[in-house]
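Can you read through this structure? Questions will come right after.
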Amino acid sequence: MTEEKVKKGEELLKKLSYLKDQRQRWEKGEKIFRLEVYTTTNYGRDVISIDDSFINFNEVKLLAIAKINKRIDEVQREFDEL
């Protein structure tokens, strides 16, 4: 294995570790604590708190975990092909 492949493998392992940690956090999650949105205006940037009662946490959680699982599969596949 070349040095380049070793470095790429290390990078992919870090990504996998990060993604698995994020998945675990989402799986443990029970509700949204604080929700803010970021906006840009002609005068700069604003961060605005919004009401989370309009968001179904369980739906968001399922979508987030599904996206994370997809990324884990992609990164794992890339790692396996090294």
Close side-chain approach of R45 to T39, heavy-atom, < 4.5 Å: no
Taking atom CG of D52 and atom NZ of K31, what is their separation to the nearest 0.5 Å? 8.0 Å
Output the distance between atom CG (D73) and atom CD1 (I68), rounded to the nearest 0.5 Å. 12.0 Å
On a heavy-atom basis, the closest approach of L16 and V75 is CG-CG1, 3.6 Å
How far apart are the closest heavy atoms of L82 and L12, and which atoms are they? CD1-CD1, 4.0 Å
Straight-line distance of S53 OG to N56 CG, nearest 0.5 Å: 11.5 Å
Using a cut-off of 6.0 Å, state whether more than 12 heavy atoms not belonging to E36 lie near its atom CD. yes
Neighbour count >12 (heavy atoms, 6.0 Å) for atom CZ, F57: yes
Can you tell me how far apart CG (N58) and CD (E30) are? Round to the nearest 0.5 Å. 10.0 Å
Spell out, yes or no, whether L62 and I32 are grouped together once hydrophobic residues are joined by side-chain heavy atoms under 4.5 Å, including indirect joins. no
Tell me if the CZ atom of F54 is crowded by more than 12 foreign heavy atoms within 6.0 Å. no
What distance separates L35 CG from I48 CD1, expressed to the nearest 0.5 Å? 11.5 Å
Ion pair check, E11 and K8, cut-off under 4.0 Å: yes
Looking at side-chain heavy atoms only, is the closest gap between N69 and I72 below 4.5 Å? yes
Candidates I50, V47, D46 - the one meeting side-chain contact (heavy atoms from CB on, under 4.5 Å) with V37: I50
K61 atom NZ, neighbour heavy-atom count above 12 within 6.0 Å: yes
More than 12 heavy atoms of other residues, nucleotides or ligands under 6.0 Å from CZ of R71: yes or no? no
V60 and W26, any side-chain heavy atoms less than 4.5 Å apart: yes
Between R25 and D21, is there a salt bridge with N-O shorter than 4.0 Å? yes
Could you state the interatomic distance from CD (E81) to CD (Q76), rounded to the nearest 0.5 Å? 10.5 Å
Short N-O contact, K14 and E10, less than 4.0 angstrom: no
